[in-house]
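Numbered from 1 within each chain, the chains take letters A, B, ... in sequence-line order.
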2 protein chains.
Amino acid sequence: MTVIFSKKCEYGMQAVLYLAAQDKGTVVSSEEISRVLKIPKEFISKILQSLRDSGIIFSTKGKSGGFGIAKDPSEIKLIDIVEAIDGLEMFNSCVLGFPECSPETPCPVHDSWGALRTQAYEMLSVETLDKLKEKTLNKIRTL
Amino acid sequence: MTVIFSKKCEYGMQAVLYLAAQDKGTVVSSEEISRVLKIPKEFISKILQSLRDSGIIFSTKGKSGGFGIAKDPSEIKLIDIVEAIDGLEMFNSCVLGFPECSPETPCPVHDSWGALRTQAYEMLSVETLDKLKEKTLNKIRTL
DNA sequence: TTTTAATCAGATAATTTTATCTGATTATGA
DNA sequence: TCATAATCAGATAAAATTATCTGATTAAAA
């Protein structure tokens, strides 16, 4: 079992990318998100609720309720979603699983792997959702 | 929850690195590995048994039993251990969790993330255990 | 006001991963 | 041969993750 991000985080990113690709202010129900992205409805609803707590999206209750992007997509980075759902420990922990791995007490691959981790973090920090709209919609069409 | 490799894989890599740092042909019990690396004894024993099936290490039963490196450390790469324990799906699957992500039907970050994945795979493929002996022993001293 | 469809929060269930236990088998040394 | 300490394989248990269920609350429309 190897995974980069949790299922929760993957679904969360997919859903937020989808919301960000909608017109500003659009409200989308968890049922639609579930259907469009082919992911579990109740689970994504729960995930989106926690993302609402993080301020990345908003929600409205009631008959015409749903979720929507709370900020301009140019202000939301992929790393924000990762941080809200999974946290950032992955970018600080030892790939070999050694505890307390640091420049002072490095594991055998500390430098090489550390560089990759930094690159990954930077990639996720540079990708804002406005830049991914079209690609997102293109991908969703293939599901 | 984010993780690069499973706990199983992490422990497996730690243990094989430790074995590779011993003199050629040395047999080490799972009890010693557990004690030195501060990891669960029965679990690492099980993991090492599966690595024995992969040909990376050997085992001897009986009173003076234990595990040892089956090949020259210069012939074992970190990716071999990863492949034996976790498999290589991580290097082929979509970071956003989209199914069937490919160059033909790419997810929004397919190119950038794909490059990072390739780098990670290459890093693990280049690191042979002979090169990591000293650093491994240095790290273990800090546990 | 009522109906309806949505979010919400907590509980429950299913599945997977991590870890430990148990008894059998093995090989060394006395 | 026996005692001992090890691997071995399967079973069991605990913990974590994934997923679904349940009933309460909310808000729009009739």
Side-chain angles (χ1 to χ4, degrees), chain A residues 1-15 19 25-54 56-70 82 85-87 89-90 93 97 99, chain B residues 1-16 19 26-54 56-70 82 85-87 89-90 93 97 99:
Chain A
M1 193 285 295
T2 304
V3 66
I4 302 274
F5 300 122
S6 66
K7 269 290 181 230
K8 187 172 180 180
C9 192
E10 286 174 0
Y11 290 148
M13 286 191 286
Q14 286 180 37
L19 293 178
T26 303
V27 171
V28 185
S29 69
S30 53
E31 191 275 327
E32 174 179 334
I33 295 168
S34 163
R35 180 170 29 85
V36 168
L37 295 175
K38 300 183 158 58
I39 60 180
K41 177 159 93 69
E42 287 92 355
F43 197 30
I44 195 56
S45 175
K46 275 242 171 292
I47 293 162
L48 291 173
Q49 281 167 49
S50 67
L51 284 174
R52 182 210 62 216
D53 294 339
S54 302
I56 294 174
I57 60 174
F58 70 84
S59 66
T60 55
K61 292 181 180 178
K63 194 159 192 317
S64 309
F67 300 91
I69 285 287
V82 173
I85 298 182
D86 274 354
E89 305 86 69
M90 159 186 165
S93 54
Chain B
M1 191 284 297
T2 304
V3 66
I4 303 277
F5 300 122
S6 67
K7 269 294 185 220
K8 188 175 181 180
C9 193
E10 285 174 359
Y11 289 150
M13 287 191 284
Q14 285 181 36
V16 176
L19 293 179
T26 303
V27 169
V28 186
S29 69
S30 53
E31 190 275 326
E32 173 179 332
I33 295 168
S34 162
R35 179 170 29 85
V36 167
L37 295 176
K38 298 182 161 61
I39 60 180
K41 177 157 94 65
E42 287 93 357
F43 198 30
I44 192 60
S45 177
K46 275 243 173 290
I47 294 162
L48 291 171
Q49 280 167 49
S50 67
L51 284 173
R52 181 210 61 219
D53 295 339
S54 303
I56 293 174
I57 60 173
F58 70 82
S59 67
T60 56
K61 291 182 183 176
K63 193 163 195 312
S64 309
F67 300 92
I69 285 287
V82 173
I85 299 181
D86 275 352
E89 304 86 70
M90 158 184 165
S93 53

Problem set entry | Backbone of E89(A) reached by a side-chain donor or acceptor of S93(A) within 3.5 Å | yes

### Message
Between the base of dA9(D) and the side chain of K46(B), is one N or O donor paired with an acceptor at under 3.5 angstrom?
### Response
yes

In terms of heavy-atom contacts, F5(A) and M90(A) come closest through CE2-SD, 3.8 Å

Rounded to whole Å, the CZ-P distance (F58(B) to dC8(D)) equals 11 Å

Picking from dT18(D), dC21(C), dT7(D), the nucleotide nearest the side-chain atoms of Q49(B) would be dT7(D)

* Asked: With a 4.0 Å cut-off on heavy atoms, is S30(A) in touch with a base, just the backbone sugar-phosphate, or nothing at all?
  -> sugar-phosphate

D53(A) CG to dT7(C) C1', in whole Å, measures 12 Å

From NZ of K7(A) across to C1' of dT17(C) the rounded distance in Å is 16 Å

Report yes if at least one side-chain N or O of Y11(B) is closer than 4.0 Å to OP1 or OP2 of dA19(C); otherwise report no.
-> yes

Between NZ of K61(A) and C1' of dA9(C) the distance, given in whole Å, is 10 Å

- Query: Heavy-atom distance under 4.5 Å between the side chains of F58(A) and V27(A), does that happen here?
  - Reply: yes

Output yes when at least one side-chain N/O atom of S29(A) is less than 4.0 Å from OP1 or OP2 of dA5(C), else no. no

Rounded to whole Å, the CD1-C1' distance (I47(A) to dA19(D)) equals 10 Å

Could you tell me whether the side chains of Q49(A) and S45(A) share a donor-acceptor contact shorter than 3.5 Å? yes

Can you tell if the side chain of I44(A) reaches within under 4.5 Å of the side chain of L37(A), non-hydrogen atoms only?
no

Separation of dA5(C) atom P from K41(A) atom NZ, nearest Å, is 12 Å

note: F5(A), atom CZ; dT18(D), atom P; distance rounded to Å ~ 13 Å

Comparing nearest nucleotides in DNA chain D, the 5'-proximal residue of the pair T60(A), I44(A) is I44(A)

Winner on side-chain proximity to K63(A), out of dT4(C), dT20(D), dT28(C), is dT4(C)

Taking dT18(C), dC8(C), dT20(C) as options, the one with an atom nearest any side-chain atom of R52(A) is dC8(C)

Under 4.0 Å, counting only non-hydrogen atoms across every strand here, what does G62(B) touch: a base, just sugar-phosphate, or nothing?
base

Here the distance between atom P of dA9(D) and atom CG of L48(B), to the nearest Å, is 13 Å

Ranking dT18(C), dA28(D), dT7(D) by distance to the side chain of S64(A), first place goes to dA28(D)

